[in-house]
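Below is one structure; the comments refer to it alone.
Just so you know, residue 1 is the first one in the sequence shown, and it goes up from there.
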Amino acid sequence: FADADRRIFGEEGPATTRHAVVRAMYPYIEEELSRGAKLLHIARHMLNLFGGMRGTKAFKRTISENAWRVTAGPEILEQALSAVPE
């Protein structure tokens, strides 16, 4: 689906990467954390984003083991992203 707009509608530019999708969420995550939300409540919806790719188990593990912490923020997702090749 990442390439659908380019193929169907002829939109210019490369398809958005999965890494870019996660990083685009950082401002939203920061805002929600400042309101008292927990990172796990947001990040759990991203757990299967890299399904079937090399490094996906480490990506999921990093989030699952760390995102529940009160101090967890986007740095946990950045750490998880490092497990999956761009």
Side-chain angles (χ1 to χ4, degrees):
F1 286 113
D3 201 30
D5 285 343
R6 190 176 62 78
R7 289 179 175 217
I8 296 169
F9 302 112
E11 289 188 6
E12 297 294 322
T16 302
T17 67
R18 291 176 172 116
H19 285 74
V21 169
V22 172
R23 289 181 177 126
M25 290 288 293
Y26 292 175
Y28 170 77
I29 290 169
E30 290 285 357
E31 183 178 328
E32 290 302 308
L33 293 177
S34 72
R35 293 179 181 177
K38 303 288 184 264
L39 179 61
L40 186 59
H41 296 149
I42 300 166
R44 67 187 174 123
H45 300 286
M46 296 185 224
L47 289 175
N48 290 315
L49 185 61
F50 293 96
M53 297 178 71
R54 190 172 41 130
T56 192
K57 286 183 182 180
F59 175 80
K60 288 178 173 184
R61 186 179 329 109
T62 300
I63 293 171
S64 298
E65 290 178 355
N66 298 291
W68 60 270
R69 296 183 177 146
V70 176
T71 59
E75 71 281 351
I76 300 300
L77 293 175
E78 198 61 36
Q79 180 183 351
L81 285 175
S82 70
V84 186
E86 257 186 269

Would you say that more than 12 heavy atoms from the other residues, nucleotides or ligands in this model lie under 6.0 Å from the OH of Tyr26, or not? yes

Does Arg23 CZ have over 12 foreign heavy atoms under 6.0 Å away? yes

Is the closest side-chain heavy-atom distance between Glu78 and Leu81 below 4.5 Å? yes

Ser64 side chain near Leu40 side chain, heavy-atom distance below 4.5 Å: no

Going from [atom1] on [X] to [atom2] on [Y], what distance comes out if it is rounded to the nearest 0.5 angstrom?
X: Lys38; Y: Ile42; atom1: NZ; atom2: CD1; result: 10.5 Å
X: Met25; Y: His45; atom1: CE; atom2: NE2; result: 9.0 Å
X: Met46; Y: Phe59; atom1: CE; atom2: CZ; result: 7.0 Å
X: His41; Y: Glu32; atom1: NE2; atom2: CD; result: 12.0 Å

Search all heavy atoms of [X] against all heavy atoms of [Y] and return the closest pair with its distance.
X: Ala72; Y: Leu33; answer: O-CD1, 3.6 Å
X: Leu39; Y: Ile29; answer: CD1-CG2, 3.7 Å
X: Ala83; Y: Ala58; answer: CB-CB, 3.5 Å
X: Ala43; Y: Leu77; answer: CB-CD2, 4.0 Å
X: Ala24; Y: Pro27; answer: O-CD, 3.4 Å

Glu31 backbone acceptor or donor facing Ser34 side chain under 3.5 Å: yes

Between Thr62 and Gln79, is there a donor-acceptor pair closer than 3.5 Å when you use the side chain of the first and the backbone of the second? no

Can a salt bridge be assigned to the pair Arg18 and Glu86 using a cut-off of 4.0 Å between side-chain N and carboxylate O? no

State plainly whether the residues Glu75 and Arg69 are in salt-bridge range, i.e. N to O under 4.0 Å. no

The single option from His19, Lys57, Lys60 that satisfies side-chain contact (heavy atoms from CB on, under 4.5 Å) with Val84 is His19

